[in-house]
Structures are given as structure tokens and as C-alpha cells.
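Only a predicted model underlies this, so the values are computations on that prediction, with no experimental measurement involved.
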Amino acid sequence: MVSTLPVSLEDIRAAARRIAGRVLCTSMVQSASLGQLAGAPVHLKLEHHQTTGSFKLRGATNAVLSLSPAERSRGFVAASTGNHGRALAYAAKAEGAVATICMSRLVPENKVSEICRLGADVRIIGRSQDEAQQEVDRLVREEGLVMVPPFDDPDVVAGQGTLGLEIIDTLPEAAIVLVPLSGGGLAAGVAAAVKGISSKTKVIGLTMEKGAAMKASLDARRPVQVEELSSLADSLGGGIGLDNRVTFAMCRDLLDEVILLTEAEIAAGMRHAYACERQIVEGAGAVGIAALLAGKIVGNGPIVAILSGQNVDMEQHRRVINGKAALCGEEGP
């Protein structure tokens, strides 16, 4: 089944060779507190330690390096909820190219300012990822910029899939991999890599209850639009595109399950990451921990939770950490 999908295991292995030395091979550590809670070994993939603070650098770098010098010279453009924009700005700058990043007003200021710092041309458009994408389409059509989509692109998906290769290389016996789910680039790539090597390993997508576009689309058996709402897991916001070509089919065919999390559960995941694991993660990066704390993951073998990003506004992080939810396996909210 994997070989018939838009991105194959060999595509992901080729991406790993292409981006070697340009992205970090991030560490994986075992969590005693979560293992005790889950009744099985739990390992945390520390992808939030990636150079730009999230997994997105893998896909953006692979996409940029897959283009010809002539294409790179035209400049890049993308819509982003923040992390993809930061990654593309970094990858483009490394190749001497310019990136234009279109974002909605829902993107936190800390992510916008970091993209500006990297020298990208930032444009704030509307209140949704879909509105930002309309500006991207205009720039491609009228100014000839090269679009690097945040998720629905084979090169981007293959780049994100290199994270799955690292997980299975480190822990071949992994029984469950917990992956944040938004537009599906990370989930599709990780699932293709993991299942291409270890078909018995389950890959579970995790997302917020508010505006979960991929979950709604999978339930409808076709891409659908949802209202984009503010969430602690802001990086998981946005639609998947009604003309989705890559990630919808891959998530449909490869994910074993999709689990929704409340805002309170995501906050508990962020607090646990900080208090018990000594890790600062944004809401989207905490969903694996959140699902374990909420008792929504059942498995007998080793579990891997991907901590996908750390680009959180620190004032927001302080508010979450100072909340009332219990920590470290105690009864949650």
C-alpha cells in the first residue's frame, strides 16, 4: 500500500541524504513519569530542538534543495501558521534566496518577528490560512515566485518523513508513534517512513478539538473546510485545501487513528513537559504528552511521542504553566 502513495519510503530516504548536514538529527529520550503513567516505555523525540525550533525545517530544506538554481533565483513564497514560514525563510537564506511568507492575523507575534529577523518579506493577510493562501496564489501568478506549500507537497512530505526514519532507526521495536496532525505533512511523512519499515507499528495523529480540518475531512471522506479558531495548538490550525493532492490520501491510508484533544488537555501537556521533562514546547508540540496524560493512548509496547515545536510565546507559556491543572501523572483537569 505504501508504494502506491504519492511519497514512498525511497523518496524519504532520498530526502534524508539530501538534507544531511543541513538539519539536526534530534535526540530521543525516555520519560520515566509518562512510562509509569502509560504502563509501557515512553520515548520523547525532541524535534523541538531542531535549528528553527520545529520539524518544519526538514520539509522546507528538502523542497528548496529539490529545485533548480533557476527556480531558486525567482524567490519562494508560502502561507504559514508560523513554523513553516520560519523554516522556509531559514532554508531560502541558506541558499542565497529570498522568501515571502503570508500569514493570517491569528499567527502569534513571536513567530512573525522571528520570520522577519531571518530576512523574509512578511505579509499579514486576513484571519485564516485560506486567506493567506490567496495572496500566495496571487504572488505566484503575478510575480512568478515559487510556492513551497506548508504540507501538501511531495518534497515537503518526504522531508518531514526523515523524522520517522530517525525514530525507527533509534527504536526499531516502537509499537506506537504519536504525531501532531494539522495539514498532514508531518503525519503523512512519518507514517510512510515508519510503516514502510515496520508495518506493525501504529501511527496515531493528534490534534485539537477546535477547527481540526484533517479529522473533519477524514470523517467526511473528502477534504472539507472548517472554521479556523484560536487554540493553544495554533500551529495545528488551518485547512488542508479542497484540492489536496498528497496528504489527505496518505493520512487516510496510513494513520491508524486520529485523536482529538481539548484545550485543557493541551495545557496539561505543556505543563507536564515543563515540570516533569524540563522541556519548553508549544501547544502543538505537547499533544503527544497530552494524549498520554488524558489516558487516550492504549498500548503494550514502546510509545514514541514527537515533541514537534518550541516556538511558543513565552508570556503565553508562563500563563499556561501557572494554571491550575495537576502535573506529573496526578489527576488532570
Side-chain angles (χ1 to χ4, degrees), residues 26-38 42-50 52-56 81-83 86 106-112 114 163 177-182 186-187 204-212 215 228-238 258-297 303-333:
T26 53
S27 302
M28 196 153 72
V29 299
Q30 193 163 351
S31 168
S33 60
L34 291 171
Q36 183 177 16
L37 181 69
V42 173
H43 300 258
L44 304 177
K45 178 63 168 168
L46 307 184
E47 186 63 13
H48 63 305
H49 291 172
Q50 190 56 256
T52 57
S54 86
F55 72 93
K56 289 286 192 175
T81 54
N83 286 337
R86 183 172 177 176
L106 292 179
V107 177
E109 177 55 35
N110 69 296
K111 294 183 176 179
V112 175
E114 183 59 26
L163 182 53
V177 176
L178 305 178
V179 55
L181 175 63
S182 178
L186 178 62
I204 298 176
L206 304 169
T207 192
M208 72 288 191
E209 284 187 342
K210 300 169 64 175
K215 178 65 164 64
E228 190 171 338
L229 302 169
S230 179
S231 170
L232 277 176
D234 56 88
S235 294
L236 301 184
V258 174
I259 293 174
L260 299 178
L261 296 160
T262 67
E263 295 297 299
E265 288 166 346
I266 294 168
M270 294 173 69
R271 286 193 286 272
H272 180 99
Y274 182 76
C276 302
E277 314 298 340
R278 300 297 187 262
Q279 304 293 334
I280 294 175
V281 293
E282 57 188 284
V287 291
I289 292 175
L292 290 164
L293 292 176
K296 294 184 174 182
I297 304 299
I303 300 167
V304 178
I306 297 172
L307 308 191
S308 58
Q310 67 174 4
N311 297 324
V312 61
D313 177 81
M314 290 309 297
E315 180 56 37
Q316 180 194 67
H317 190 266
R318 282 189 286 272
R319 291 196 300 269
V320 171
I321 297 307
N322 292 328
K324 297 181 180 180
L327 300 168
C328 301
E330 298 173 6
E331 186 174 348

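Looking at every heavy atom in both residues, V281 comes nearest to H48 through CG1-CD2, 3.7 Å. Of all the heavy atoms in E265 and A294, the pair that sits closest is OE2-CB, 3.8 Å. When all heavy atoms are compared, the tightest approach of G288 to L178 is O-CD1, 3.8 Å. The two residues I280 and Q310 make their nearest non-hydrogen contact at O-CB, 3.3 Å. In this structure, G237 and T81 approach most closely via the heavy-atom pair O-CG2, 3.7 Å.
Separation of atoms CG (L181) and CE (M208) is listed at 9.5 Å; rounding is to 0.5 Å. A distance of 7.5 Å separates NZ in K296 from CD1 in I259, rounded to the nearest 0.5 Å. Interatomic distance, L163 CG to S308 OG, rounded to the nearest 0.5 Å: 9.0 Å. Here the CE atom belonging to M314 is positioned 8.0 Å from the CD1 atom belonging to I321, to the nearest 0.5 angstrom. Note that CD1 of I297 and CG of L37 are 11.5 Å apart. Values are rounded to the nearest 0.5 Å. Taking CG from L236 and OG1 from T207, the interatomic distance works out to 4.5 Å, rounded to the nearest 0.5 Å.
Within 6.0 Å of CD in Q36 there are 12 or fewer heavy atoms belonging to other residues, nucleotides or ligands.
Residues T26 and E47 have side chains that bring a donor and an acceptor to within less than 3.5 angstrom of each other. In this model, no donor atom of one side chain and acceptor atom of the other lie less than 3.5 Å apart for N110 and Q316. Side-chain contact annotation: S235 with K56, donor-acceptor N/O pair under 3.5 Å absent.
The side-chain contact (heavy atoms from CB on, under 4.5 Å) test applied to E114 returns R86, R117, L118, not counting sequence neighbours. For S27, the side-chain contact (heavy atoms from CB on, under 4.5 Å) partners are L46, not counting sequence neighbours. Applying the ring-ring contact (aromatic ring centres under 6.0 Å, His included) criterion to H43, with sequence neighbours excluded, gives no partner residue.
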For this session: With side-chain contact (heavy atoms from CB on, under 4.5 Å) as the test, would you mind laying out the steps for I289 and L307 before giving the verdict?
Result: CA-CA 8 Å; I289 292 175; L307 308 191; 3.8 Å; yes
For this session: Apply side-chain contact (heavy atoms from CB on, under 4.5 Å) to L34 and I303, showing your working.
Result: CA-CA 10 Å; L34 291 171; I303 300 167; over 6 Å; no
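A 4.5 Å side-chain heavy-atom check between V320 and R271 finds at least one atom pair inside the cut-off. For the pair K215 and E209, the minimum side-chain heavy-atom distance is 4.5 Å or more.
Put simply, the side chain of E282 gets close to the backbone of N311: a donor and an acceptor are under 3.5 Å apart. With D234 contributing its side chain and V312 its backbone, the two residues share no donor-acceptor pair below 3.5 Å. No donor-acceptor pair closer than 3.5 Å links the side chain of E263 to the backbone N or O of S231.
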